[in-house]
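Okay, structure first, notes after.
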There are 2 protein chains.
Amino acid sequence: MPTIRDVARLAGVSMMTVSRVVNQRPQVSPGTRERVLAAMAELDYQVDLTAQQLRSGSSGTVALIVPRLDHAYFGQLGAIAADAVIDRGRHLVVEQSSASQEGELAALSLARLHQYDGAILSVVGLGNAEVNRIRDSLPVVLLGEKEVPARFDHVMMGNVSGARLATEHLLDRGARHVMIVGGRHGEPTDGMQSARTAGWVEAHQSRGVEVDPRLLLELEFIDTGVTRRTVARAVEQDPTIDAMFCVTDEVAIGALAGLADAGRRVPEDVRVVGFDNLRLGAHIGPGLTTIDPGNEWIITEAIRLLEARMSPSPPTAAEHLIAPVQLVERGSSR
Amino acid sequence: MPTIRDVARLAGVSMMTVSRVVNQRPQVSPGTRERVLAAMAELDYQVDLTAQQLRSGSSGTVALIVPRLDHAYFGQLGAIAADAVIDRGRHLVVEQSSASQEGELAALSLARLHQYDGAILSVVGLGNAEVNRIRDSLPVVLLGEKEVPARFDHVMMGNVSGARLATEHLLDRGARHVMIVGGRHGEPTDGMQSARTAGWVEAHQSRGVEVDPRLLLELEFIDTGVTRRTVARAVEQDPTIDAMFCVTDEVAIGALAGLADAGRRVPEDVRVVGFDNLRLGAHIGPGLTTIDPGNEWIITEAIRLLEARMSPSPPTAAEHLIAPVQLVERGSSR
DNA sequence: GTGAAAGCGCTAACAG
DNA sequence: CTGTTAGCGCTTTCAC
């Protein structure tokens with residue numbers, strides 16, 4: 001591989017001049033620039049970004065760390081983020097944190113994170129202890145539905161309001177036995193499932209309907225197949241169920257399948273609403289009514305916060321943002 | 001940030017000794033190792049991977065470059081690859097190549113690629129001219145359904161055999177008017193759609209059924225919504241269609257929706273088979289029959305080839321592999 | 001507008 | 001088992 005020194009020799013200039021041309025600095029005369037560019041082309045020169053980064057301290061790269069690459073939701077997040085980061089003149093790389101046995105922490109090795117100018121971290125399954133290990137040495141914005149230490153910037157979905165919106169929609173449609181599929185007891189700050197369960201409860205209160213605790217359906221884990229089996233069993237045991245709020249769209253797809261297995265029609269017998277607004281939802285069964293969590297908004301804000309932290313200006317107080325949600329009405333709840 | 005020099009000073013040893021401890025080299029006495037580890041903990045030392053890489057020439061990182069992060073297929077690929085790479089003692093980062101206006105080439109900036117020990121490149125939409133710009137300076141394995149220059153290692157799906165298998169399955173079930181949804185004329189080496197169309201033709205020949213060229217349904221582009229509209233129109237115009245081979249599962253999901261829109265039942269009126277074996281397929285409608293392209297096999301082989309290229313041993317001739325496919329039979333074709 | 005010197009943090013190669 | 005020397009490829013700083 002040719003180095004900047006080879007280019008300098010060939011062009012008859014100093015390494016510094018080549019460096020200036022490579023980095024598009026203005027203080028180079030047109031003639032010199034031409035000769036340097038010619039030499040670069042001649043040698044097929046490529047900058048060594050590693051050396052550049054070691055010396056200059058910046059890599060031009062931002063990382064997005066997600067738990068799983070094969071969950072549709074994180075894929076959408078990654079695609080949006082990649083475009084947004086490019087528009088800001090940097091590049092995005094995505095890493096999967098829960099890879100293999102080593103688990104979340106391995107990918108979070110601070111050493112690796114330090115290779116980037118900044119990082120957007122999706123903190124599902126990460127304890128505060130782990131998150132706290134991130135020193136203030138690196139600009140970081142947190143994503144995710146759990147409470148995080150106050151000193152970090154944090155963007156989350158409108159879990160409570162979204163779940164409430166979805167459940168109110170079902171109650172307003174006349175449903176009186178709205179099951180929450182994938183619900184979980186606990187504080188709304190514990191995570192996605194607890195927060196959405198809180199919204200489900202709130203909706204009942206706002207509409208003056210009693211909450212039936214037997215309608216909280218826990219799932220062994222969040223998975224389409226698991227949901228399918230669990231839901232089919234549930235509706236066979238309790239034929240009065242007339243609606244389901246599913247904590248995610250993937251769960252809702254499992255619920256639709258389970259309801260079909262049990263011979264229930266959607267929306268005639270049971271209405272269904274999901275959460276995430278996956279693209280696919282529009283084309284599944286009668287069309288999946290869902291909550292749009294505002295992913296574009298989330299990424300836009302996360303990157304805005306990250307840019308602020310990466311800028312040389314004095315660091316401001318951490319922000320904690322909640323994205324605005326929207327109901328997307330389709331056939332499964334009509 | 002503390003450096004190796006700070007640790008060395010605190011532990012009362014040379015930088016080299018600290019380096020040996022950090023890199024788990026055996027030739028350090030237990031006592032010294034203890035003191036160094038203590039000093040590292042005390043200072044909360046983290047290696048600078050950039051400097052390490054500049055000096056040692058290796059980053060311990062492999063890149064996977066995919067066109068879109070939000071296509072379920074590439075998400076699954078990424079997840080499998082991340083696990084496989086970790087098991088080999090390295091890390092994986094995923095980049096999206098078709099980000100924003102700049103397009104494929106930007107992410108392929110050779111300079112960026114050189115930061116990695118090796119790269120797995122999904123070459124959808126990449127011309128041979130672009131691929132050829134990759135010098136032999138970096139271990140690279142190509143993925144994708146188009147023909148590539150012979151000097152590159154290349155792993156691809158069994159497009160022709162898979163499409164043939166799917167179509168034969170439909171013909172054997174008694175279908176006589178098997179439409180290919182998302183088909184395209186051209187050489188089988190042109191890309192995914194042409195290759196699968198070739199398999200569709202082969203199946204007709206092997207079963208002695210005439211190919212009706214009007215049953216080749218082109219799509220404006222590969223998208224669930226586009227497919228839905230196009231398929232609904234097609235079956236209204238030609239009521240004799242009794243089966244569909246869809247070039248991908250995402251297309252198949254659109255076809256299922258379009259068939260429902262047009263009042264056709266699956267599988268009673270029209271049988272449907274997809275291609276990709278997305279997890280979701282099992283739970284959509286009657287269950288989507290599909291071709292499993294052997295993603296695990298593809299990634300396993302790609303990484304094996306990459307490891308071989310990354311090893312110091314002499315480079316062997318490039319390999320061009322085709323993954324074995326399998327029919328996954330579900331309700332949509334019964 | 002251009003160049004020389006110095007060094008980012010680390011490790012290969014060689015001594016001992 | 002431990003240390004010294006040199007330098008990876010680049011850019012910062014300062015000089016001209």
Whole angstrom is fine here: how far is it from [atom1] in [X] over to [atom2] in [N]?
X	N	atom1	atom2	answer
A:Met16	D:dC10	CE	C1'	9 Å
B:Met40	C:dC10	CE	P	11 Å
B:Met15	C:dG7	CE	P	14 Å
A:Ile4	C:dC8	CD1	C1'	15 Å
A:Asn23	D:dC10	CG	P	10 Å
A:Gln24	D:dT11	CD	P	12 Å
A:Gln27	D:dA15	CD	C1'	15 Å
A:Arg9	C:dG3	CZ	C1'	16 Å

### Residue met sooner reading DNA chain D from 5', once A:Arg20 and A:Arg5 are mapped to nucleotides
A:Arg5

### Query
Is the closest side-chain heavy-atom distance between B:Arg68 and B:Val124 below 4.5 Å?
no

#### Entry: Note, A:Asn295 side chain near A:Tyr73 side chain (heavy atom, < 4.5 Å)
yes

Please determine if [X] and [Y] form a salt bridge, counting it only when a charged side-chain N lies under 4.0 Å from a carboxylate O.
X	Y	result
B:Glu42	B:Arg35	no
B:Lys146	B:Asp190	no
B:Arg304	B:Glu301	yes

### Query
Looking only at atom types and distance, does a side-chain atom of B:Gln53 sit under 3.5 Å from a main-chain N or O of A:Thr50, one as donor and one as acceptor?
no

### Message
When you measure from the side chain of B:Gln96 to the backbone of B:Leu69, do you find a donor-acceptor pair of N or O atoms at a distance under 3.5 Å?
### Response
yes

Would you please confirm or rule out a distance under 4.0 Å between OP1 or OP2 of [N] and any side-chain N or O of [X]?
X	N	value
A:Ser19	D:dT11	yes
A:Tyr45	D:dG9	no
B:Thr3	C:dG9	no

### Query
Looking at DNA chain D, which of residues 47-63 of chain B put a heavy atom within less than 4.0 Å of it?
B:Leu54, B:Arg55

### Query
Among D:dT12, D:dG3, D:dC1, which nucleotide sits nearest the side chain of B:Thr17?
D:dG3

### Touch class at under 4.0 angstrom, heavy-atom based, for B:Val22 against every strand present
nothing

### Message
Taking atom types as they are modelled, would you say the side chain of A:Arg25 forms a donor-acceptor pair with the base of C:dG1 within the 3.5 Å cutoff?
### Response
no

